[in-house]
Amino acid sequence: MKTRKLLERLAELTSNSEAKKQKEREAMKALLKALKKRQKKLEEQLATDSGHKKKRLRSKIKVIQAQRKKGIERYKQLRKR
Amino acid sequence: MLKKIALPTIFVLLGYAFWASPDFKEIAAGVAIFLFGMLSLEQGFRAFSSGLLQRILRRSTDGLHKSLAFGVVTTTLMQSSSLVSVITISFLSAGMIGLKAGLGIIFGANLGTTTGAWLVAGFGLKVKISAYALPMLVFGILLVFQKAKALKGIGYILTGLGFLFLGIHHMKEGFEAFKASFDLAAYAVPGYPGLFLFLFIGILATVVMQSSHATLVLIITALASGQITYENALALAIGANVGTTITAIIGALGANVEGRRLAGGHLVFNLTTGLVAIAAIHPMVATVDWLSDLVGIAADDYTLRLAVFHTVFNTIGIVLMAPLINVLERNLVRLMPEKEEETTRPLYLNESALEFPDTALEAARLETERLYDEAFATIAHGIDLHRGEILSDRDLNEVVLSREKPIEIDMAVDYEKTVKVLYGAIIEFVIKAQAGTSADVGRQLLDYRVACRHIVEAVKSVQQIRRNLAEYTASDNPHIRQAYNNIRVLVGGALRDMAAIRDAAREGETVSVAELDSLRLEVKEADVLTSGTVDELIRDDLISAEMATSLMNDSAYAFYAVTHLVDMAGSLYATEDPEERAAEESVALSEDEVDALADLREPPPTATAPRYLTEEALASTQTSLTAARLETENLYDKAIAILSHGIDLHRREIFSERDLAEVVEARSEPIDIDIDEDYEQTIKVLYGAITRFVGRARTSVPFTKGERLQALRLAARDIVEAVKAVKHLRKNLSHYSCSDNAQIRRAYNDIRILLGSVMRDLRAVREAAVKGDSELPARLEQVKLAVKQGDSLVNGTLDMLVREELITPWMATSLMNDGAYAEHAAFRLIRMTERLIALDEAEAPAREGAP
């Protein structure tokens, strides 16, 4: 049984479509990481900046939060495939 | 005339020569096979030129010694100095390397080409190479039929080498047999007359065959069989070296000034080297003899000695010319200056750049960036700002307030003379470049094309704002002045952000999807409609109704200008990695999502109205909602009449059962309407009234109802946008629908059919909605898909028309613009329908629950 599973896993790894899916997952993971990093950076800036800039920063954070939400959903779908 | 009779004359002469001398036939066949081999070899190397050549080129040409070595190595590998010089011209024309590096490569290529003589003299004539030729051809052809690009490339290279070997074999055989019947050596001319005669023959042979390599192989085989003397062979070799510049000169004819300078440098180098070789022929022969004796080449091995001579005289050329490369470069620039008119003509797009995928891509990118630069200046001036002010660190609000006098500029002229010209040229170039390229390159080219379209749309949107902006920024009313200054800050800020994104992209960073969506949200929030600014101004009677309508329209134009700039950045600076791109696209926010984010803040409102928008209607939430709904429907009906007439159709025709293609074909006369007048008299008035009514009604209704009123106002704006888009395309549609060119007539008729079908389908969808059809989203998606597929840019119609030169570039640009207007109009109508259906669904429970 174990050997069969191992063979199936190997076949998945060697097939092109699986490699493509893997790449997609990795790209999405990297993007989510980058967005999270950017959000943290903006939040730090928000704590120090003032006035007009603050409004802009809040707006940017709002966008990143929405994008991350979409991204996480997509990542879950990619993992399920 | 001469051209017409040249080819038949050559055919007749060759035919006679083949009949008279079977040996000559064998030699000529050898030359033909050899040249075919070179073509095949070239094809093979082209398969590897994508990306690889560009990377190598960038790293290998940043110094004279490096560019020289690059020329030697690539020519040795490709066995064609002509191919290397044409590639170099392409790269130079595309702006990928400088003139000095290009000259270095050409000098090196001259030395590299001598390896061919060594190979033929040392290997080709001593080993029976035809024995290798046939297996090479078999393996080569097998590989040519493979799908993988690399294998195909190797196949072409093997086939090319096979044909080269086979060609040499036939030439050798031909000369051997020729020698037995006819001794050319008996006609050898001694001394300088012979030198000049054979020099001329060498030039002529190379010009005809377009390959010094082929001439040299011919010389060596003729020399090996004793058909020509050693001295005559030397003169022929010098002549071949001079004659080979013709390929570069022909290549430079289609190139820009940089390419022509390089071809000039090539000619100077080879002429100088040839003259030096002729002037010092005796000392040079002595040097060749001394060197040949030194390395042990037999005294009667003239073929190898000829190879030594070829190397020696090209080396001397490099030694003489390399120290003078800066002088040569300066003089070439002085003698061939850039024409001033090139500022508004494409700089990077030429036939040479189309030669290779990399050069075509780079040329398209550079020209797109140039279009963007020109558009940047036009847009900046359109909002009365200078480029320097936008790119400075100063607060844009301060900059805007500090400018007292408007910048004198005619945006329409700037658009026609610069933006439209470059746009048309890029589209034509990209369409040509896309033919036969790989999917990846094609996708990238499409991105540039899309980026160009966004740039042009951004300029056109600002062009629309300009008229009112000039008037209202000089108005005595401080409120309207402030509102228009806000538009200037918004567009100027977007240009500033674009510059930052571009700088980041130049440093190798890809555009962050977060930044682009943030900009989208920012522009949405700045919209006078969604932000409630216009409501405040109307409620407090701070601006007139006319001002309010202009402000709303121009705010929408500013929104489109910025959105197009953002989309341009998305296309031009997006990551090239397909997975990364897919990931970014999947997290990018849709229009609805950005709307939802923008709607998080709460605006206030108030105002007056025409047919249904009465004071009584404001009495309750439900009556104001019903009145606004009925007025929006009224606006839609009026708009449908204008839209139908705008595309030269009657409403009864659109909503009949008849095939729209037949209806469109049947109408030969355009409908006489003044769409501008209709817009001003009907659409603008109703839209202004709805906006004011909704503004007033929203002050006293609960939040959810207020959102529904706002949705109606946005639906009204969609209708207005659709009418304006058709208003824009009407000008060309009337013109081209009566054109003598059947192709452009058909293309514009397709636009009419597309818009007519959308109106027909949307009516069907709305009727289905009333009946409670559950398939509405799917039906709307189908309409959207049909619109996308109907775009001539997407479905390939435009490509085909341009490629086959069925329409002029001018027609192509108009068709593209009007295709975009039609698409915009269609999508606005679809969006409006979606908003109304969503509203009905939201209202349904309230209706069901009502007593």
Side-chain angles (χ1 to χ4, degrees), chain A residues 12-81, chain B residues 147-148 393-398 486 489-490 493-494 496-497 500-501 504 509-527 530-531 562 566 570 574-601:
Chain A
E12 272 180 8
L13 282 172
T14 48
S15 76
N16 270 343
S17 62
E18 185 54 35
K20 196 174 179 303
K21 282 178 197 166
Q22 178 67 23
K23 272 186 183 174
E24 281 175 17
R25 279 195 291 267
E26 279 166 11
M28 182 53 81
K29 204 174 167 184
L31 179 65
L32 284 171
K33 254 188 183 175
L35 286 173
K36 193 176 178 181
K37 208 174 149 187
R38 178 113 180 98
Q39 186 181 333
K40 269 192 177 172
K41 203 178 157 189
L42 291 172
E43 280 165 353
E44 280 167 18
Q45 276 180 22
L46 189 69
T48 54
D49 281 343
S50 58
H52 182 65
K53 282 183 183 171
K54 256 190 166 168
K55 195 183 157 201
R56 244 190 134 190
L57 287 171
R58 273 202 202 98
S59 170
K60 283 187 176 182
I61 291 169
K62 209 158 68 178
V63 167
I64 294 181
Q65 281 170 338
Q67 288 177 333
R68 283 184 61 205
K69 201 173 157 191
K70 273 184 93 175
I72 289 165
E73 284 301 314
R74 176 82 186 133
Y75 185 62
K76 279 180 189 166
Q77 282 176 3
L78 288 172
R79 286 191 67 178
K80 272 183 201 165
R81 278 202 319 197
Chain B
K147 273 187 185 164
D393 292 330
R394 287 176 64 196
D395 181 357
L396 271 178
N397 285 295
E398 279 173 25
N486 288 344
V489 172
L490 176 74
R496 187 177 271 183
D497 287 339
I501 285 172
E509 293 173 31
T510 48
V511 182
S512 159
V513 65
E515 292 298 327
L516 297 181
D517 279 344
S518 295
L519 267 168
R520 282 194 183 98
L521 177 61
E522 207 173 306
V523 66
K524 204 104 200 180
E525 286 179 334
D527 185 5
T530 46
S531 70
V562 176
V566 170
T575 172
E576 287 171 21
D577 185 283
E579 279 78 24
E580 282 177 21
R581 196 163 178 166
E584 292 205 344
E585 277 169 4
S586 65
V587 302
L589 303 181
S590 68
E591 197 181 334
D592 282 344
E593 285 162 339
V594 176
D595 273 350
L597 285 180
D599 282 342
L600 289 179
R601 22 73 295 149

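Each chain gets a letter, A, B and so on, in the order the sequences are listed, and its residues count up from 1. Everything numeric here is computed off the predicted structure, so don't read it as measured data.
Applying the side-chain contact (heavy atoms from CB on, under 4.5 Å) rule to Asp497(B) yields the partners Arg56(A), Leu519(B); only residues at least two apart in sequence or on another chain are considered. Under the side-chain contact (heavy atoms from CB on, under 4.5 Å) criterion, Lys70(A) pairs with Leu589(B), Glu593(B), not counting sequence neighbours.
Note that the CD atom of Glu584(B) and the CE atom of Met28(A) stand 9.5 Å from one another [nearest 0.5 Å]. A distance of 4.5 Å separates CD of Gln67(A) from CG of Asp517(B), quoted to the nearest 0.5 Å. Between the CZ atom of Arg38(A) and the OG atom of Ser518(B) there is a distance of 7.5 Å, given to the nearest 0.5 Å.
The shortest non-hydrogen separation linking Leu521(B) to Ser59(A) is CD2-OG, 3.3 Å.
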